[in-house]
Amino acid sequence: MITSLRPILQPRSIALAGVSSRPDSLSIKLLDNLLAAGFTGEIFPVNPRASTIRGLPCFPSLAAIGTPVDLAVLMVPRHLVLPTVDECLQANVKGVVVITAGFREGGEEGAALERELVSRLRACGVRMVGPNCMGVINTAPEIRLDATFSPTPALPGPVAFASHSGALGVAVLEAAAEAGLGFSQFVSVGNSADVNVNDVLEFWEHDERIRAVMLYLESLDEPRRFLQVATRLSARMPVIALKAGRSAEGQRAASSHTGALAAADTAVDALLKQAGVLRVATLSEMFDVALAAQGCPPPRGRRVAVVTNAGGPAIVATDALAQHGLELAALAEETRQQLRSLLPPEAAVGDPVDMLPSARPEDYRRALGLVLADEGVDAAVTITVTPPQGSALEVARAIAAPASASGKPVASVFMTAASFFPQAHRIAGMPPVYRYPEWGVRALAALVRHAQRRPRGAGEVPAVASATLAAAVARGHEGYLSQAEAFAVLEEIGVAVAPWRLVQDVESAAEAAAAVGFPVALKGEGAGVVHKSELGAVAVGLASAAEVRRAGEEMQRRLAASGVTVRGFLVQRMVAGGREVIVGVTRDAAVGPMLMVGMGGVAVEVWKDVAFRPAPVTTDEVAEMLAELRGAVLLEAFRGRPAADVAALADASARLAALAATVPQLVEGDVNPLLVLERGHGCVAVDVRLCLAR
């Protein structure tokens, strides 16, 4: 992949097919951008109706160039794209960028043309970016490539950016220049007909100049490959993604809880989390995090000091720290004493350090240096409201020196005039600058999440197999397994099940109850019995054979009135204590098998307190999923109850996920509830549904 993309992202020569001399054309803008960037290779304009363009000799065709060409940028009308590609192939062009639009985004005719375009290029081993894109950028000094029609050039910097939207790419480049965000490379992938985001990420994986990656995604090309590539890349640097399309439209109806909770965006969100990608909700947040990644070293922890000249914004920052899972650092007594000797008696020298409105630039320099030297501080936020003594720019220069020398991340907030910011970006060593405290804190929190992520591979993916499930697949079973078969599957993969018996009639149920031990639950079995509690097909707490007989007879009458025939009963010993959780699997059309964990019982339908990941997962990844749940505290020790056996829960969840990953016919199902007993006593499945499809 690295070799195949070099002619596109590191070309030594470029042919511009279809470039026009009209001053209002996008093609002349692209040529002007190449010239303005100082492209270090050769440029060959191709236009049969011109002899020179912008002082460069113009060639009537690619064949007429007569010298090897690495990259051809096509800006010809759509009907000329295929003939021009044929020219490229005959001239041994090594890479192609197709700016021209009107392909699959324009309907079936365009889609057919796009397929033919890709077929011809791949037959010759030539890679293509596009069609329907705005081009590529590489600011490396030995390349200086700007093959886009963006009206604003990219500032050089350590951030790489790939976008499905060309128009948004233009807007981002303009906003980035204003914010001081610099790019190493930019790729507008357009329709991703050949080169997609995964290809670009693999290329960037080996570029030591890149410190962070920004992605604007409208879809996930090859999701499982994206998971692999993005996981490797995020181990080295922050990968920040804005994924469009969060709506719940497309949520498919399903009779299992897990399938019903897997909305359209859930699988994408789970995949991004598992890959270690920092997903952001807005363009503003993407910029904020990228600025922090560009200008900050990795944080060592989540303890943050706040240095300010205004109390109100410091309180806002403190609230934001708590909201994003960061901590207000506890300054050492020695640090506080040094601050007292520096600042007026009225100043606050705890954390936040409020130096009062009278704080001078020198006060910022010394105070920030002191708190950053404190071993109990992992990062800092400085807040400056327009100072009455000195200027905001003087304060910025004072902050830059200790921030750059400390080796710790600093987010610098200036609540001042807009004219300050373009000047601040030009200060050597200046940490990332934000307009509001919440923005700076949010960006720092993202860096902390990235720094503290657990590398994939920690923990174990268990090896599982089920003869019962294999037999059901072999006979072509479709739909839900019987309760007895489903319990057998769990036992075969190493998930404990509460003792049970399957019987045909009420009298046998009473005998089975005595055998498994009272109290028992009685569950009706039959076609159409899926959500038992809703149908009245379950009775619990039955303490004698008489109670079992009475409950069974009433259940038969009740279900018969609803048109459901009871074909048998499952008798199961009731397990005392334990916390109810749900563990489920479903299969996303694009991402594939998914694991869900959440707080169980009927509450899952009300609170939807669940977390998803692509399967298989390690036991440590299940622990991360549990940490995302609002109800996770219920698994801890509280009010005299011992902590639940979270390790056993993680193991059971990983086993079910492994089963879904190895048996593609298992399309959905859940264990609900799975009772998690106290630590050291494991967990027990009480109810399970498993659904197969061919």
Using 0.5 Å steps for rounding, measure from the [atom1] atom of [X] to the [atom2] atom of [Y].
X: F203; Y: L233; atom1: CZ; atom2: CG; value: 13.0 Å
X: N33; Y: D146; atom1: CG; atom2: CG; value: 4.5 Å
X: T231; Y: R453; atom1: OG1; atom2: CZ; value: 10.0 Å
X: S234; Y: I240; atom1: OG; atom2: CD1; value: 11.5 Å

Specify the closest pair of heavy atoms between [X] and [Y], including all atoms of both residues, with the distance to one decimal.
X: K243; Y: R279; result: O-NH2, 3.3 Å
X: P238; Y: A293; result: CG-CB, 4.0 Å
X: C691; Y: L666; result: O-CD1, 3.6 Å
X: P151; Y: P153; result: O-CD, 4.1 Å
X: V19; Y: P45; result: CG1-CB, 3.7 Å
X: N198; Y: N196; result: N-OD1, 3.0 Å

Has [X] got a side-chain atom pairing as donor or acceptor with [Y]'s backbone, closer than 3.5 angstrom?
X: R211; Y: Q294; answer: yes
X: R224; Y: V591; answer: yes
X: R225; Y: E222; answer: no
X: S27; Y: S20; answer: yes
X: N138; Y: L9; answer: yes
X: E205; Y: L201; answer: no
X: T40; Y: I143; answer: yes
X: R587; Y: E668; answer: no
X: R209; Y: G157; answer: no
X: H450; Y: M237; answer: yes

**OP:** Return the set of residues passing side chain to side chain donor-acceptor pair (under 3.5 Å) with R655 (not counting sequence neighbours), or none when no residue passes.
**Re:** D651
Original post:
Considering residues at least two apart in sequence or located in another chain, which fulfil the side chain to side chain contact (heavy atoms under 4.5 Å, CB included) criterion with E208?
Top reply: R236
Only distances under 3.5 Å count here; give the side-chain donor-acceptor pairs of residues 166-189 to other protein atoms, sequence neighbours excluded, each with its distance to 0.1 Å.
from: Q185; atom 1: OE1; to: W204; atom 2: NE1; distance (Å): 2.9
from: Q185; atom 1: NE2; to: D207; atom 2: OD2; distance (Å): 2.8
from: S188; atom 1: OG; to: M134; atom 2: N; distance (Å): 3.1

Subject >> Residue that, paired with R613, satisfies side chain to side chain donor-acceptor pair (under 3.5 Å) out of E621, Q274, E628, E624 >> reply: E628
Original post:
Do R22 and I28 have side-chain heavy atoms sitting under 4.5 Å apart?
Top reply: no
Subject >> Step-by-step side-chain hydrogen bond (donor to acceptor under 3.5 Å, both in side chains) determination, S466 to T468 >> reply: CA-CA 5 Å; S466 166; T468 300; 4.6 Å; no
Subject >> side-chain contact (heavy atoms from CB on, under 4.5 Å) between I14 and L145, intermediate numbers included >> reply: CA-CA 10 Å; I14 298 178; L145 169 71; 3.3 Å; yes
For residues 48-69, which side-chain donor-acceptor pairs fall under 3.5 Å, sequence neighbours excluded?
from: R54; atom 1: NE; to: D32; atom 2: OD1; distance (Å): 2.7
from: R54; atom 1: NH2; to: D32; atom 2: OD2; distance (Å): 3.0
from: S61; atom 1: OG; to: A64; atom 2: N; distance (Å): 3.2

Original post:
Please, which pairs that meet side-chain hydrogen bond (donor to acceptor under 3.5 Å, both in side chains) have at least one residue in residues 69-85, sequence neighbours excluded?
Top reply: R12-D70, R78-E109
Check: residues 97-107 side-chain donor-acceptor pairs under 3.5 Å, at least two apart:
from: T100; atom 1: OG1; to: V76; atom 2: O; distance (Å): 2.6
from: R104; atom 1: NH1; to: E114; atom 2: OE2; distance (Å): 2.4
from: R104; atom 1: NH1; to: N191; atom 2: O; distance (Å): 3.0
from: R104; atom 1: NH2; to: N191; atom 2: O; distance (Å): 2.4
from: E105; atom 1: OE1; to: F103; atom 2: N; distance (Å): 3.2
from: E105; atom 1: OE1; to: N191; atom 2: ND2; distance (Å): 2.7
from: E105; atom 1: OE2; to: G102; atom 2: N; distance (Å): 2.5
from: E105; atom 1: OE2; to: F103; atom 2: N; distance (Å): 3.1

